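See structure below.
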Amino acid sequence: QVQLVESGGGLVQAGGSLRLSCAASGRTNNISIMGWFRQAPGKDRESVAAIMQSTGRTNYADSVKGRFTISTDNAKNTVTLQMNSLKPEDTAVYYCAASRYTNMVTMSYLYDYWGQGTQVTVSS
């Protein structure tokens, strides 16, 4: 089993920045992809960003390209999402997730482990 714990959410004004972190523990050696998803009220959960542990290859949703950056520290089993130029539409619960797939995937059902979520609220 793998446990994921997020931190770093909060309230910020539009144009501001937040940094989310996720610490993984347990049997992390079978994890290939770490990702961030978000879910706003009344909307489906969507992929925000993902990174492959072995190659560093990243994938971003079009809505966050150029504003968000995902990074990983394999030695510390952490993944970070730096969010800049935040917009009110970025408001959501953000979830850290981990997948055992060896190819880049962004569909939520292909992720095996999930954190509890952290609220990000961007005021206008």
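Predicted, not measured: the structure shown is a model, and the values here were computed from it.
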Which heavy atom in Ala40 sits nearest to a heavy atom in Thr91, and how many Å separate them? CB-O, 3.7 Å

Steps toward side chain to side chain contact (heavy atoms under 4.5 Å, CB included) verdict (Ile70, Val79): CA-CA 7 Å; Ile70 188 171; Val79 61; 3.7 Å; yes

Is there a path of hydrophobic side-chain contacts, each under 4.5 Å between heavy atoms, that joins Val48 and Tyr109? no

Does the side chain of Gln53 come under 3.5 Å of the side chain of Thr72 through a donor N or O and an acceptor N or O? yes

Would Trp114 end up clustered with Tyr94 when hydrophobic side chains under 4.5 Å apart are linked, directly or stepwise? no

Report the distance from atom OG of Ser17 to atom CG of Asn84, rounding to the nearest 0.5 Å. 3.5 Å

About how many Å separate CG of Leu4 and OG of Ser25, when rounded to the nearest 0.5 Å? 7.5 Å

When rounded to the nearest 0.5 angstrom, what distance separates OG1 in Thr69 from CD in Gln82? 7.0 Å

For the student: nearest non-hydrogen atoms of Gln39 and Lys43, plus distance: NE2-O, 3.2 Å

Can the positive tip of Arg45 be found less than 6.0 Å from the middle of the six-membered ring of Tyr95, inside 45° of the ring normal? yes

According to a hydrophobic-cluster definition based on side-chain heavy atoms being under 4.5 Å apart (Ile, Leu, Val, Met, Phe, Trp, Tyr only), do Leu81 and Tyr113 belong together? yes

Check for me, please, whether Tyr60 and Val122 land in the same ILVMFWY cluster - side-chain distances under 4.5 Å, paths through other members count. yes

Of the non-hydrogen atoms in Gly8 and Leu18, which two are nearest, and what is the gap between them? O-CD2, 4.0 Å

As a quick check of understanding, evaluate side chain to side chain contact (heavy atoms under 4.5 Å, CB included) for Val2 and Ile31, giving each step before the final call. CA-CA 9 Å; Val2 173; Ile31 295 302; 4.1 Å; yes

Taking the six-membered ring for Trp, are Phe68 and Trp36 closer than 6.0 Å centroid to centroid? no

N-O pairing of Asp90 and Lys87 below 4.0 Å: no

Please check this pair: side chain of Arg67 against backbone of Ser85, looking for a donor-acceptor N/O pair closer than 3.5 Å. yes

Atom CG of residue position Asn29 - does it have more than 12 heavy atoms of other residues, nucleotides or ligands inside 6.0 Å? yes

Measure the spacing between OG1 of Thr58 and CD1 of Ile33 and express it to the nearest 0.5 Å. 12.0 Å

Is there a donor-acceptor contact under 3.5 Å linking the side chains of Thr106 and Asn59? no

Scanning both residues in full, the closest heavy-atom pair of Ser124 with Pro88 reads CB-CG, 3.8 Å

Show your reasoning for whether side chain to side chain contact (heavy atoms under 4.5 Å, CB included) applies to Cys22 and Met34. CA-CA 9 Å; Cys22 174; Met34 296 292 292; 4.2 Å; yes

Are any side-chain N or O atoms of Ser99 and backbone N or O atoms of Leu110, one a donor and one an acceptor, separated by less than 3.5 Å? yes

Thr80 and Arg19: CA distance, side-chain angles, deciding distance, side chain to side chain contact (heavy atoms under 4.5 Å, CB included) verdict: CA-CA 7 Å; Thr80 299; Arg19 185 180 179 92; 3.5 Å; yes

Tell me, do Arg57 and Met104 make a side-chain contact under 4.5 Å, heavy atoms counted? yes

Quick one: are Thr121 and Val12 in side-chain contact, heavy atoms under 4.5 Å? no

Can you confirm whether or not the ring centre of Tyr101 sits under 6.0 Å from the ring centre of Tyr111? no

Let me confirm one number: the CG-CZ distance from Asn30 to Arg100, rounded to the nearest 0.5 Å. 6.0 Å

Could you grab the distance from atom CZ of Arg38 to atom CE of Met83, nearest 0.5 Å is fine? 9.0 Å

Give a yes or no on whether the backbone of Cys96 and the side-chain of Glu6 come within a donor-acceptor separation of less than 3.5 Å. yes

Got a sec, which pairs hit disulfide bond (SG atoms under 2.5 Å apart) with one end in residues 53-85, sequence neighbours left out? none

Give me the atom names and distance for the closest heavy-atom approach of Gln116 to Val5. OE1-CA, 3.9 Å

